[in-house]
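I have placed the structure first, in the form of structure tokens, so that the comments after it can refer back to it.
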Amino acid sequence: MSPLQEFLALAGAIAPEHRYRTVYDADFHVLVPGKEPIDAGTLDAFSRIDFAGRTVVDLGCNFGFFSFQARRLGAAAVVGVDREPMVLDGCSLLRQHFHLDAVAFECHDLDDPACPLLSRAFDIAMLVEFIGKTFVLENRVAPALAFLERLSDRELIVSVQKIYWIRKELGTTPGRLRDIYPSRYIDGGDFRLLDYVRDFFTPRWRMEALSPLTDGYEKPRKLLRFVPA
Ligand SMILES: C[S@@+](CC[C@H](N)C(=O)[O-])C[C@H]1O[C@@H](n2cnc3c(N)ncnc32)[C@H](O)[C@@H]1O
């Protein structure tokens, strides 16, 4: 069997909840549909990152979409990280199919305070399409950002949805969110996640938006770059 045939067989055996990102071939034809296709705006924003010659870690890489893209955009070495071993096996088969060297996949748990990854350093640390509604509701945004920050002192890449509608999207109330977050992030019926993320990194890092930003509610997630302030 070719690596692609092996990947397709493996992908079929992976539980649907772990098949997040649609898997594309190198020419962007769909190999395996996932919950989340890639959109042109995100690809465009991602291509603005200067990966040339950089070492990169991609946390929560799923099928390695952004790990492979980073390498294609010139990264010297990329480590994709996930906690699902079968998903990582799939990444290794895709790497063979794509004939990409210098992309490694490793199993780590970001919730592990003794995670061995934390003793390493990369030029660029990425947390892309990782933080979502559950992270907001369970107050796990700050620990995820703190983990990311320990992996690079040069550049952090994060994507988050700018604003969530508290009742409709988060299924909770402004009052309950005020028990968790400072009230400045709760604006009527909106939870201002992007502001929370920006302020988490201030004053150590300065935020630059890679995606176009306008006022008010917007979907999908916005790609943000943080550089030392
Ligand atoms: C929403 S997907 C994002 C996938 C990828 N960044 C992308 O955009 O294609 C989140 C991924 O993070 C992984 N993950 C979730 N919690 C994790 C943890 N604590 N440690 C490591 N990986 C985790 C999941 O297995 C899943 O593959």
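Model, not experiment: these values are computed from the prediction. Both counts, for ligands and for their atoms, begin at 1 and track the order of listing.
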Notebook entry, point to check: Residues in side-chain hydrogen bond (donor to acceptor under 3.5 Å, both in side chains) with Ser211, at least two apart?
Noted result: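 Ser211 satisfies side-chain hydrogen bond (donor to acceptor under 3.5 Å, both in side chains) with no other residue.
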
**Asked** Can the ring centres of Phe130 and Tyr20 be said to be less than 6.0 Å apart?
**Response**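 No, too far apart.
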
Would you please indicate yes or no on a ring centroid separation below 6.0 angstrom for Tyr24 and Phe63?
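Judged by ring-centre distance (under 6.0 Å), Phe63 and Tyr24 do not meet the cut-off.
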
Show every salt bridge (charged side-chain N to carboxylate O under 4.0 Å, His left out) that has at least one partner inside residues 101-112, sequence neighbours left out.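 Every salt bridge (charged side-chain N to carboxylate O under 4.0 Å, His left out) pair that includes a residue of residues 101-112, provided the two are not neighbours, is Arg71-Asp101, Arg83-Asp111, Glu106-Arg120.
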
Would you call the rings of Phe66 and Phe46 parallel, tilted or perpendicular, taking 30° and 60° as the class edges?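 Aromatic pair Phe66/Phe46 classed tilted.
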
### Message
Students should find this: residues with any non-hydrogen atom under 4.0 Å from ligand 1. What is the answer?
### Response
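Contacting ligand 1 under 4.0 Å are Tyr20, Arg21, Gly60, Cys61, Asn62, Phe66, Asp82, Arg83, Glu84, His108, Asp109, Leu110, Asp111, Val128, Glu129, Phe130.
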
### Query
Does Phe191 have any ring-ring contact (aromatic ring centres under 6.0 Å, His included) partners at least two apart in sequence or in another chain, and if so, which?
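By the ring-ring contact (aromatic ring centres under 6.0 Å, His included) rule, Phe191 matches Tyr181.
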
